[in-house]
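Comments concern the structure below.
Remember, it's a predicted structure, so these values are computed and weren't measured experimentally. All chains are named by letter (A, B, ...) in the order of the sequence lines, taking the proteins before the strands, and each is independently numbered beginning at 1. Keep in mind that the numbers below use all heavy atoms, side chains included, and drop hydrogens, waters and symmetry copies.
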Amino acid sequence: RKEVEQDPGPFNVPEGATVAFNCTYSNSASQSFFWYRQDCRKEPKLLMSVYSSGNEDGRFTAQLNRASQYISLLIRDSKLSDSATYLCVVRLDAGNNRKLIWGLGTSLAVNP
Amino acid sequence: DGGITQSPKYLFRKEGQNVTLSCEQNLNHDAMYWYRQDPGQGLRLIYYSQIVNDFQKGDIAEGYSVSREKKESFPLTVTSAQKNPTAFYLCASSPGLGLRYEQYFGPGTRLTVT
């Protein structure tokens, strides 16, 4: 099982739709979680950090379920500009082993 | 404006040549990182540095070297020993290595070795 797994998609949705992505992680020692977005041939940009059960920022809501070991990202009222790849990142802190583990990303295409 | 700069954006080299990628930040961040990204693969950590004059190997350090002589700068050298150097190289920084420190990325350098 991969340490961080995401459905690669692509998710094709119309403008205004609500879309949700899940990300599962395998190591229960994972401490922090992040969502980044990456546009084609560009660098990843931080979208949200998820430290407790979840948080909301405008149209974006991230939730964490430690018992089931997954985080989710919900995007409401999708815009054309939301089209990108969304990367799930899990931070592992276990003794001297401290690192970020990156998922392969979920591709989203918002269509007019 | 604060940020991370990487240069050049595109770099072409012949096999067998060493090449150095630049990364500079003016965010006053302590920690800096180098990743590579290949199609169909997640970001993989090459090296990271927590403070000046200190750096640690990441998951795929073989064939690479770094230095951290200044807080603002963390150059990466891709040596001829790196078997598959063609990739998208990303530099990142964070305030520290603490639990809640998000990483911020530069625009990346696309290296092509033929």
### Task
Assess whether atom CD of Gln69(A) is packed by more than 12 heavy atoms of other residues, nucleotides or ligands within 6.0 Å.
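Count over threshold, so yes.
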### Task
Could you tell me if the ring centre of Trp102(A) sits under 6.0 Å from that of Tyr33(B)?
no
Kindly give the heavy-atom pair with the smallest separation between [X] and [Y], and that separation in Å.
{"X": "Phe34(A)", "Y": "Glu102(B)", "value": "CE2-CG, 3.4 Å"}
{"X": "Leu43(B)", "Y": "Pro44(A)", "value": "CD2-CG, 4.2 Å"}
{"X": "Glu43(A)", "Y": "Pro107(B)", "value": "OE1-CA, 3.5 Å"}

Say whether [X] and [Y] are linked into one hydrophobic cluster, either directly or through other cluster members, by side-chain heavy-atom distances under 4.5 angstrom.
{"X": "Leu21(B)", "Y": "Phe105(B)", "result": "no"}
{"X": "Val13(A)", "Y": "Ile75(A)", "result": "yes"}
{"X": "Ile4(B)", "Y": "Val52(B)", "result": "no"}
{"X": "Tyr47(B)", "Y": "Tyr35(B)", "result": "no"}
{"X": "Trp35(A)", "Y": "Leu74(A)", "result": "no"}

### Query
Please, which pairs that meet ring-ring contact (aromatic ring centres under 6.0 Å, His included) have at least one residue in residues 12-31 of chain A, sequence neighbours excluded?
Phe11(A)-Phe21(A), Phe21(A)-Tyr86(A), Tyr25(A)-Phe33(A)
### Task
Report, by ascending residue number, the residues of residues 65-93 of chain B in heavy-atom contact with chain A at a distance under 4.5 Å; give 'none' if the set is empty.
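When heavy atoms of chain A are the reference, residues 65-93 of chain B contributes Phe88(B), Leu90(B) within the under-4.5 Å range.
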### Task
Supply the atom-to-atom distance Asp59(B) CG to Ile101(A) CD1, rounded to the nearest 0.5 angstrom.
8.5 Å
### Task
Apply the test side-chain contact (heavy atoms from CB on, under 4.5 Å) to residues Tyr48(B) and Leu100(A): give CA-CA distance (whole Å), side-chain angles for both, the deciding distance (0.1 Å), then the verdict.
CA-CA 12 Å; Tyr48(B) 66 98; Leu100(A) 292 184; over 6 Å; no
#### Entry: Side chain / backbone / both / neither for Arg44(B) at chain A, heavy atoms under 4.5 Å
neither
### Query
Does the side chain of Gln38(A) pick up a donor-acceptor pair with the side chain of Gln37(B) at under 3.5 Å?
yes
### Message
Donor-acceptor check, side chain of Tyr104(B) to backbone of Lys45(A), threshold 3.5 angstrom: yes or no?
### Response
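Here the side-chain-to-backbone pair does not exist.
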